[in-house]
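One structure below.
In what follows, every chain begins at residue 1, and chains take the letters A, B, ... in the order their sequences are listed.
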Amino acid sequence: MAPQKRKTAGAGRNNDTEQINKRGKLDLSRPHPSAQQSENFGIVLREFYPPEISNERCLAYNDGTLERPIETLQRAYKETADQTRAIEANAAVVHWFKSDLRLHDNRALHLAYQSAKENNIPLIGLYILSPQDLTAHLSSPARVDLTLRTLNQLKRDLSELDIPLYMETQESRKNIPQRIVDLCQQWGASHLYANLEYEVDELRREAKLIRLCASNGIKFETAHDTCVVAPGRLTSQQGKQYAVYSPWYRAWLGYLNENRDCLEPSEELGSNPGDARRSFNDLFTSEVPAAPENKQLSDEEQRHLSQLYPAGEHEALRRLEVFLEEKAKDYADARNTVYGQTTSILSPYFASGILSARTAVEQARKANKGSLQRGEPGLVQWIGEVAWRDFYKHVLVHWPFICMNKCFKPEFTNLEWEYDENKFNMWCEGKTGFPIVDAAMRQLKQDKWMHNRTRMVVSSFLSKDLLIDWRRGERYFMENLIDGDFASNHGGWGFGSSTGVDPQPYFRIFNPLRQSERFDPDGEYIRKWVPELRDIRGPEIHEPHVRGAEAIAQKSGYPRPMVDHATSRDRALKQYKRASENGP
DNA sequence: TAAATCTTTCG
DNA sequence: GAAAGATTT
């Protein structure tokens, strides 16, 4: 056996250099060494995922000779095709709502409706809340609350079309496929529809459901819906998945210009094709489930959040319209200004599927006189931001191992992150002594949302200035954000910490002070979120302790900077450089 | 979608 | 010696 070059010594380190081939690409034919790093990331790994997800199961997704979850699903369809070909519709058609909580422009719902119409049978909506799922996926109480509030509206809107929405709680996620089959059989439904979610657990669950349905005489059809361009559609000339946004974006634009039907919204639903009031009357009284105990908001939070983010797709469509009419023209210039409503704040609605990304892009295109890439700079830029959402979902489908606590760039797996609870808590609580960072973290804590610019600032601060494992920040965001979406959140953290696909280069380290001066020039954002500094009027607010506002800061108890940025910057450069030279 | 530092240019 | 430009991290 060829001798292996000795890398950084250290307990639990795997020094296998063959993992990375000469082009620096991940060798997918063998387990990734980071999978054996559970000692290093022990606290993270155990906290992130339930213990039944072992390292071995992580490896499967990482192994190119095995299959991706999307391929597991495709295989399930292939192998059950004979069983389902002959299935005929009988008493009802079911649409299973997941994170597609809308009637408008919903691909699978529309297919379900068409199927019901062709067979003159009732359409039934189904929603299952799984507390175990919510816990495993770190769904924030705010997002759960928005979901439940939206279900109330969805139920009303469906009811007006005489379509019932049956909702229930299933404690264990494992039981969901069987429960769905049971319900279908109870209702005499032989056709089930749902939109795909692309996370590993979800795709594997759906693959199981396809087989379970097939063996029980039910045809389960899934649709690509959440992305404007379905994952897998865009590959480079060499047939590879893009790992850089810009070329991917050009391909995305090209594809949409060639395939205009991708942007066509699904037809509006009419009233229930079958008489559900007669056959399924009791389903109309189904109540929205309660939030699980660990996902509850206080009354005050609930009031606050339902004011900030009113539920339902009518609100989402209204916001879209207002944004496109009033804000979009300034968006290109104003979007980085962190104070005031310069952005659309549609992310909570995208994340839970209350608004269709397709509708959003199509409406923006129309507002831009039919062009996706030329014309009004604000509209073009905004379409590009919605495209980032597609990009990160495509990345997730192609490299599903990112679902398993892996960063995209393996060389940064072994970076010597800090795990200092105290420092981490100072970041969480917005007590770092860097006004722009603290303002952002407090905005997150109270509004459960943060401006995109400050997401980059605080993620850079955590991973570069504090050198704390970016996964802790990723997790904290998921636990708090009302718009928490795995792919976008992971993508954003990978970008900010320079460990992801198309990241900013590791030596591109934000200077919190410079960011503050550029994007909150008048200090209004800081003044809004950091009351200790409210009385500081001038530019010293960005750096109170060294700009002559020390007295105010001290009196109000605003903390001194917890680190020296220049020193931290040097340390981060050194560590990142070392990790990138040493490899995984 | 960076910032720091080094180098050149101009008055 | 400021400001613009190029290079480095």
Just the rounded figure in Å: distance from [atom2] of [N] to [atom1] of [X].
X	N	atom1	atom2	result
A/Arg569	B/dA2	CZ	P	13 Å
A/Phe510	B/dA4	CZ	P	12 Å
A/Gln515	B/dA2	CD	P	8 Å
A/Met456	B/dA3	CE	P	10 Å
A/Trp493	B/dT1	CH2	P	22 Å
A/Arg508	C/dT7	CZ	P	17 Å
A/Phe507	B/dT1	CZ	C1'	14 Å
A/Tyr576	C/dT9	OH	P	18 Å

Q: Report which part of the nucleic acid A/Arg518 touches: base, sugar-phosphate, or nothing (heavy-atom distance under 4.0 Å, all strands).
A: sugar-phosphate
Q. For the side chain of A/Glu385, counting heavy atoms from C-beta on, which of B/dT1, B/dA4, B/dA2 is nearest?
A. B/dT1
Q: Check every atom of C/dT9, B/dA4, B/dT1 against the side chain of A/Trp388 and return the nucleotide holding the closest atom.
A: B/dT1
Q: Give the minimum heavy-atom separation between A/Arg537 and A/Arg527, together with the two atoms involved.
A: O-NH2, 3.2 Å
Q. Parallel under 30°, tilted from 30 to 60°, perpendicular over 60°: which one fits the rings of A/Tyr392 and A/Trp388?
A. tilted
Q) What distance do A/His224 atom NE2 and A/Leu196 atom CG have between them, rounded to the nearest 0.5 Å? A) 5.5 Å
**Q.** Result of checking A/Lys393, A/Arg102, A/Arg107 against A/Asp225 for salt bridge (Lys or Arg N to Asp or Glu O under 4.0 Å)
**A.** A/Arg102
Q | N/O (side chain, A/Asn511) to phosphate O (OP1/OP2, B/dA4) under 4.0 Å | A | yes
